[in-house]
Visitor: 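Below you'll find the structure I mean.
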Amino acid sequence: MHVTGVHFTDRTDAGRRLAALLGHLGGPGTVVVALPRGGVPVAAEVAAALGAPLDICVIRKLGVPRQPELGMGAIGEDGVRVLNDQVIRLAGVTPGQLAEVEVRERAELERRARRYRGGRPPADLRGRTVVVVDDGIATGSTARAACRIVRARGAARVVLAVPVAPEEWTDRLAGVADELVCVRTPSPFYAIGEFYDDFSQTGDEEVLRHLADARAEAPPDDAGVDHELSLPVAGVRLAGRLTVPADAAGVVVFAHGSGSGRHSPRNRRVAAALNRAGLATLLFDLLTADEEPDRRKVFDVDLLGARLTAVARLLPELPPSRGRRLPLGLFGASTGAAAALRTAARLGGGVRAVVSRGGRPDLTDPAELAEVSAPTLLIVGGLDGRVIDLNRQARARLRCESELAVVPHAGHLFEEPGTLDRVAELARDWFLRYLPPGSPAARRPPAP
């Protein structure tokens with residue numbers, strides 16, 4: 001029997017839905033720790049949404065000899081061992097059988113730890129909030145072991161988060177973590193896989209790819225500033241994240257579109273590439289949590305543009321960057337691109353460069369497009385025919401230096417392999433060309 005309304009398409013879908021419940025944990029003090037292998041695709045979505053580093057905690061289930069899918073305990077890194085005495089007793093497992101299973105699983109645990117870490121040490125968890133993520137809870141042995149490990153490694157707060165678990169899971173794991181988060185707790189519950197349309201095995205290569213992607217998106221180690229902010233704008237407070245590498249050559253403010261926010265995985269990936277290139281970034285929510293469900297506000301370019309303009313003017317006064325008046329660039333996605341161009345028109349020489357990703361510049365008033373003086377790069381996907389046409393029409397109204405870059409084989413959201421990396425490269429090169437002192441845009445007089 002399947003319970004309706006609790007299915008996930010796959011682990012990526014499950015991760016996105018789980019991440020939606022964890023927004024309160026975003027910030028530089030959080031680390032996401034995945035249980036390989038199945039927990040890694042789920043945790044990758046959570047880490048991207050929270051803007052947090054992704055690490056692993058290698059755990060191996062100890063399966064009953066004649067029924068290996070039934071866990072009688074788990075072992076983990078740092079010598080952690082958790083046993084379910086009730087299962088061992090009911091299954092009639094002898095000490096010799098238990099030892100044989102443990103030896104076999106310990107060898108596999110060590111193999112995976114070596115391969116996944118590649119010689120890198122585990123993330124420093126001391127004093128941090130650690131979100132432990134798996135693709136689901138069955139008996140809870142592996143989750144219990146993982147939480148014990150991260151606690152021993154110095155985590156100040158442990159959050160156990162999964163897409164699906166039995167109805168009584170909180171009773172079973174009471175005291176294991178400081179907070180327990182689950183998307184669905186269906187009943188009856190027989191196995192985790194019954195609640196996924198695609199529960200195919202996660203391979204080592206997929207684990208390695210997710211870990212490599214997460215390392216590429218992490219903020220630079222030498223960031224001078226990496227702060228969560230609350231921005232006062234026109235009677236509301238907007239949440240943002242400011243990252244300023246040491247000796248930053250400029251700052252890029254992101255305008256998210258279509259109701260997306262500062263935790264957008266796509267914009268965070270682009271922002272991380274800019275940080276590595278020595279550019280500061282500010283990602284913030286153009287709408288408050290109460291406003292986001294209102295689709296009219298998502299397309300209210302007047303509102304979005306006014307808020308982006310206000311934040312751009314506020315930027316030099318923010319406590320983490322006070323006294324650092326860095327050259328300003330704007331990065332807009334979808335409807336955020338219209339807001340970015342409107343702000344560029346209003347601030348004139350105060351904006352040095354604009355980049356649009358899959359943007360809707362056609363939503364900007366034609367008169368304002370003509371007033372934009374900042375060099376503007378319009379990036380669109382080669383499969384996004386309608387948006388290509390809209391960008392061509394908008395570019396014809398621009399009087400500033402501009403380019404239209406079409407990324408081959410990319411759709412509107414740039415989800416195809418390698419396409420978002422190409423967006424990041426194009427944006428990085430454009431901002432490095434026009435933001436630093438001595439660049440062509442820097443020689444234009446700023447707006448009064």
Side-chain angles (χ1 to χ4, degrees), residues 19-20 22-30 45-53 214 216-220 223-233 236-245 248 250-289 291-292 298 304-305 307-316 318-321 324 326 328-337 339-340 343 351 353-359 379 413-414 420 423-424 427-428 431 435:
L22 299 170
H24 63 290
L25 299 174
T30 296
E45 295 297 322
V46 172
L50 298 184
E217 295 174 19
V225 172
D226 189 12
H227 282 201
E228 289 284 324
L229 303 171
S230 179
L231 309 169
V233 176
V236 299
R237 299 196 74 88
L238 305 175
R241 182 169 184 172
L242 177 65
T243 302
V244 185
V251 58
V252 178
V253 179
F254 281 65
H256 311 277
S258 301
S260 182
R262 71 191 188 283
H263 295 311
S264 160
R266 286 176 288 275
N267 281 348
R268 283 209 56 80
R269 187 160 180 168
V270 174
L274 300 185
N275 295 152
R276 292 193 298 274
L279 296 172
T281 55
L282 173 63
L283 296 95
F284 76 102
D285 299 340
L286 282 165
L287 301 175
T288 67
E291 293 171 331
E292 286 176 359
V298 170
L304 304 182
R307 289 184 176 178
L308 179 59
T309 301
V311 168
R313 286 174 171 153
L314 180 66
L315 188 59
L318 296 178
S321 60
R324 301 187 69 182
L326 297 171
L328 174 63
L330 302 175
F331 183 98
S334 190
T335 54
T343 295
V351 176
V354 177
V355 173
S356 162
R357 171 184 66 79
I379 305 174
L413 295 179
F414 296 89
L420 191 59
V423 170
R428 177 199 63 199
F431 286 126
L435 289 190

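Because the structure is predicted, anything quoted here is derived from the model rather than measured.
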Visitor: Not counting sequence neighbours, which residues clear side-chain hydrogen bond (donor to acceptor under 3.5 Å, both in side chains) with Thr343? List them please.
Guide: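 Counting only residues at least two positions away or on another chain, Thr343 forms a side-chain hydrogen bond (donor to acceptor under 3.5 Å, both in side chains) with Thr309.
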Visitor: As an exercise, state the distance from CG of Leu282 to CG of Leu326, rounded to the nearest 0.5 Å.
Guide: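 The CG atom of Leu282 sits 11.5 Å away from the CG atom of Leu326.
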Visitor: If you look at every heavy atom in Ala19 and Glu45, which pair is closest and at what distance?
Guide: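 Ala19 and Glu45 have their closest heavy atoms at CB-O, 4.2 Å.
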Visitor: At their closest point, which heavy atom of Ser356 faces which heavy atom of Ala337, and how far apart are they?
Guide: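 Minimum heavy-atom contact is OG-CB, 3.3 Å.
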Visitor: For Pro53 versus Thr30, what's the shortest heavy-atom pair and its separation?
Guide: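 Closest approach of Pro53 to Thr30, heavy atoms only: CD-O, 3.2 Å.
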Visitor: Are the side chains of Leu304 and Leu287 in contact, using a 4.5 Å heavy-atom criterion?
Guide: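 Yes. Closest side-chain heavy atoms under 4.5 Å.
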Visitor: Check Arg357 against Asn267 and note the closest heavy-atom contact, atom names and distance.
Guide: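 Closest approach of Arg357 to Asn267, heavy atoms only: NH2-OD1, 3.2 Å.
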Visitor: What residues form a side-chain hydrogen bond (donor to acceptor under 3.5 Å, both in side chains) with Arg313, not counting sequence neighbours?
Guide: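 Partners of Arg313 under the side-chain hydrogen bond (donor to acceptor under 3.5 Å, both in side chains) test: none.
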Visitor: Find the distance between CG (Leu279) and OG1 (Thr243) and round it off to the nearest 0.5 Å.
Guide: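 Going from the CG atom of Leu279 to the OG1 atom of Thr243 covers 12.0 Å.
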Visitor: Where do Pro232 and Arg237 come nearest, in terms of heavy atoms and distance?
Guide: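 So the two residues come closest at CB-NH1, 3.7 Å.
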Visitor: If we only count heavy atoms from C-beta on, is the Leu242 to Phe284 side-chain gap below 4.5 Å?
Guide: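 Not touching, per the 4.5 Å side-chain cut-off.
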Visitor: Atom CG of Asn275 and atom OG1 of Thr281: how far apart are they, to the nearest 0.5 Å?
Guide: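 Result: 4.0 Å between the selected atoms.
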Visitor: Ala271 and Leu283: which non-hydrogen atoms are nearest, and at how many Å?
Guide: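 What the structure gives for the nearest pair is CB-CD1, 3.7 Å.
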Visitor: With rounding to the nearest 0.5 Å, note down the distance linking CG in Leu413 to CG in Leu420.
Guide: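 One finds 10.0 Å between CG of Leu413 and CG of Leu420.
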Visitor: How many angstroms lie between CZ in Arg307 and OG1 in Thr288, if you round to the nearest 0.5 Å?
Guide: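 Here the rounded value is 6.5 Å.
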Visitor: Rounded to the nearest 0.5 Å, how far does CG of Leu435 lie from CG of Leu328?
Guide: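 Rounded to the nearest 0.5 Å, the CG-CG separation comes out at 8.0 Å.
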Visitor: For Phe254, check ring pair (Phe, Tyr, Trp, His ring centres under 6.0 Å) against everything at least two apart and list the hits.
Guide: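 Checked Phe254 against ring pair (Phe, Tyr, Trp, His ring centres under 6.0 Å); matches are Phe331.
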